[in-house]
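To start, the structure itself, in structure tokens.
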Amino acid sequence: MRNHAAIAIAFLAAVSCSAGVARTAHAQVSAPPFVRAGEELVYSVRSSRFGNIGTATMKATADTVDGRPAYRLSFEFSAKVMLFKVSDRTRSWLDAGTMSTVRYTKDEKTPVGSRSEDARVERATKIWTDGKGAHPLASDRPLDELAFIFFVRSIANELQGGKKLVVERHFDERRNPVQLESRGRVTVAALGDSLSASVIRMDARDTRNSSGTTRITFYIGDDAAHLPLRMDTSMPIAGALTMTLRSVSM
């Protein structure tokens, strides 16, 4: 994920473990309500250079994979930056029992290129496969870029007061570790109101980005579902991007 607006789902920079940072290779992802079948979140997307440039929609629906109950997470993003169109269509399937990734797909188009992925995770054989072959699975409870948003929602209450957490749960070892850090609390304008939110910054290694890292800042609401009220990232040409939650449906 090359700092592209789309997914603010993305993944962020590897940071070495230092004093005060708790390291875990198997941090837990909670069950619903943080993954709620039927949930649909719609965001407006604003560029620091070009103003409002598009919308993004994130959904969670009930599904099956190989006959097993699963959650299908989806992220759809479309925008126009000057004369260029940007789009991102990302899907993630989580096993409902283990809350871990079993499949991940992505189709992204930007002014600087396009990218398609289709990764399938085989926990039994400890590998994941894509069009390039088979690769060692980096975690026995793997997650992907989109699933990490729901992970952040699940730990928002625990990650307070400047705490840090280093998580090694991406299925692809090249994307680990992911560092999460509490950045305090603020009031966010979202859903037509002013709402209190916890600020969590996520950094992860990303060799496809020229800086080697990507950063997303989440503003997680105090509501029972811990809704991501806002997500900040950046992309080439458009500059800083802000995704603000404008509607929720079930």
Side-chain angles (χ1 to χ4, degrees), residues 1-12 36 38-61 73-92 106-116 145-146 148-150 152-153 156 183-204 206 208-211 213-223 225-250:
M1 178 165 169
R2 298 178 298 269
N3 259 9
H4 294 162
I7 187 157
I9 294 170
F11 254 4
L12 319 174
R36 302 183 302 172
E39 179 183 81
E40 178 175 322
L41 310 179
V42 179
Y43 293 84
S44 58
V45 183
R46 183 175 180 82
S47 160
S48 60
R49 295 174 183 167
F50 304 107
N52 295 324
I53 60 172
T55 60
T57 302
M58 187 161 59
K59 299 180 183 179
T61 57
L73 313 178
S74 66
F75 181 86
E76 300 273 358
F77 173 83
S78 62
K80 188 172 182 180
V81 179
M82 299 178 69
L83 299 177
F84 303 101
K85 290 184 179 180
V86 178
S87 66
D88 187 326
R89 185 175 187 269
T90 302
R91 299 287 184 272
S92 169
K106 186 180 187 69
D107 184 12
E108 180 184 75
K109 294 179 174 62
T110 75
V112 295
S114 61
R115 178 161 62 99
S116 294
E145 297 178 13
L146 185 52
F148 255 88
I149 292 182
F150 294 85
V152 170
R153 293 170 68 177
R183 305 287 291 181
R185 299 182 58 78
V186 297
T187 298
V188 176
L191 295 173
D193 203 348
S194 296
L195 303 172
S196 180
S198 300
V199 183
I200 299 175
R201 190 173 73 188
M202 184 166 79
D203 292 297
D206 188 348
R208 288 167 294 192
N209 190 342
S210 59
S211 68
T213 63
T214 303
R215 170 170 291 172
I216 298 171
T217 302
F218 296 95
Y219 299 77
I220 306 297
D222 293 339
D223 56 284
H226 290 186
L227 293 172
L229 300 176
R230 177 173 142 187
M231 295 181 280
D232 293 348
T233 184
S234 63
M235 69 176 290
I237 302 176
L241 290 171
T242 299
M243 299 175 57
T244 303
L245 186 62
R246 70 184 192 191
S247 68
V248 179
S249 61
M250 287 292 295

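On a predicted model such as this, the values are computed, not experimentally measured, just so you know.
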Residues forming a side-chain hydrogen bond (donor to acceptor under 3.5 Å, both in side chains) with Thr55, sequence neighbours excluded: none
By side-chain hydrogen bond (donor to acceptor under 3.5 Å, both in side chains) - contacts of Arg185 (at least two apart): Ser196, Ser198, Asp222
Test item: Arg36 and Met250 side chains (from C-beta on) under 4.5 Å apart, heavy atoms: yes
Closest approach of Ser47 to Ile53 (non-hydrogen atoms, all atoms of both residues): CB-CG2, 3.9 Å
Test side-chain hydrogen bond (donor to acceptor under 3.5 Å, both in side chains) applied to Glu40 - qualifying residues, sequence neighbours left out: none
Flag side-chain contact, heavy atom, 4.5 Å: Met202 against Arg215: no
Full working for side chain to side chain contact (heavy atoms under 4.5 Å, CB included) between Val248 and Leu191: CA-CA 8 Å; Val248 179; Leu191 295 173; 3.9 Å; yes
Flag side-chain contact, heavy atom, 4.5 Å: Tyr219 against Met231: no
Closest contact, heavy atoms only, Gly221 versus Leu229: CA-CD1, 3.7 Å
For Tyr43 against Met58, the heavy-atom pair lying closest together: OH-CE, 4.0 Å
Asp107/Arg89 salt bridge by N-O under 4.0 Å criterion: no
Any residue meeting side-chain hydrogen bond (donor to acceptor under 3.5 Å, both in side chains) with Ser78, in chain and number order, not counting sequence neighbours: none
Audit row: Leu241, Ser234, side chain to side chain contact (heavy atoms under 4.5 Å, CB included) steps and yes/no: CA-CA 5 Å; Leu241 290 171; Ser234 63; 5.8 Å; no
Salt bridge (Lys or Arg N to Asp or Glu O under 4.0 Å) partners of Asp223, counting only residues at least two apart: none
Asp88 side chain reached by Val86 side chain, heavy atoms, under 4.5 Å: no
Closest non-hydrogen atom pair, Phe77 against Ala56: CD1-CB, 3.8 Å
Gap separating the CG atom of Leu146 from the OG atom of Ser74, nearest 0.5 angstrom: 7.5 Å
Set of residues satisfying salt bridge (Lys or Arg N to Asp or Glu O under 4.0 Å) with respect to Arg246, sequence neighbours excluded: none
Beyond-backbone contact of Leu227 with Leu41, side-chain heavy atoms, under 4.5 angstrom: yes
Any Leu73 side-chain heavy atom under 4.5 Å of Thr61 side chain: no
Minimum-distance pair of heavy atoms, taken over all atoms of Ala225 and Arg153: O-NH2, 3.0 Å
Side-chain heavy atoms of Val199 within contact of Thr217, under 4.5 Å: yes
Val152 side chain reached by Ile220 side chain, heavy atoms, under 4.5 Å: yes
Between CZ on residue Arg46 and CE on residue Met243, distance to nearest 0.5 Å: 15.0 Å
Heavy-atom pair of closest approach, residues Ile149 and Pro228: CG2-CG, 4.2 Å
